[in-house]
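All remarks here apply to the structure that follows.
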Amino acid sequence: MPRDSKLYSGFMNHDYILSFSVDDAEDREKLRTLCRGPWQGDEVMPGTWEISNRLSPDEMESAVVELLGDQDRAAYYYLSDSKRIFRVVLG
């Protein structure tokens, strides 16, 4: 079920911690390029990024899932408007 998009206004950035392990070199580089570029991320460890962007959690999840293969793993953490931390495991 999609989250209520009203909680995530387009006027503010959302902060995420994204960790991933992607076997396919091309897909891994696409994800790194997103993190480095439009997602305004900083790599803190290989495969782990601090990201600040305007994507809602659902949009973030959709973008990451598109680059995951069957054996790949990814998880992200985000702080909700109610100041609770959520973990989302993908793959």
Checklist line | Member of V89, D23, L68, V22 meeting the side-chain contact (heavy atoms from CB on, under 4.5 Å) criterion with R73 | finding: V89
How long is the gap from [atom1] on [X] to [atom2] on [Y], to the nearest 0.5 Å?
{"X": "Y78", "Y": "I17", "atom1": "OH", "atom2": "CD1", "value": "14.5 Å"}
{"X": "L31", "Y": "R36", "atom1": "CG", "atom2": "CZ", "value": "10.0 Å"}
{"X": "T33", "Y": "W39", "atom1": "OG1", "atom2": "CH2", "value": "10.5 Å"}
{"X": "D72", "Y": "L67", "atom1": "CG", "atom2": "CG", "value": "9.5 Å"}

Quick one: are [X] and [Y] in side-chain contact, heavy atoms under 4.5 Å?
{"X": "M60", "Y": "V88", "result": "no"}
{"X": "F20", "Y": "V64", "result": "no"}
{"X": "C35", "Y": "L18", "result": "yes"}

Check: For the residue pair Y16 and Y76, does the interplanar ring angle fall in the parallel (under 30°), tilted (30 to 60°) or perpendicular (over 60°) class?
Finding: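 Perpendicular, since the angle between the ring planes exceeds 60°.
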Next item on the list: Take R54 and Q40 through the test side chain to side chain contact (heavy atoms under 4.5 Å, CB included) and record every step on the way to the result.
Entry: CA-CA 10 Å; R54 291 180 183 244; Q40 305 171 41; over 6 Å; no
Check: Do the side chains of V44 and L34 join up, straight or via other hydrophobic residues, at under 4.5 Å, putting them in one cluster?
Finding: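 In one cluster with V44: L34, no.
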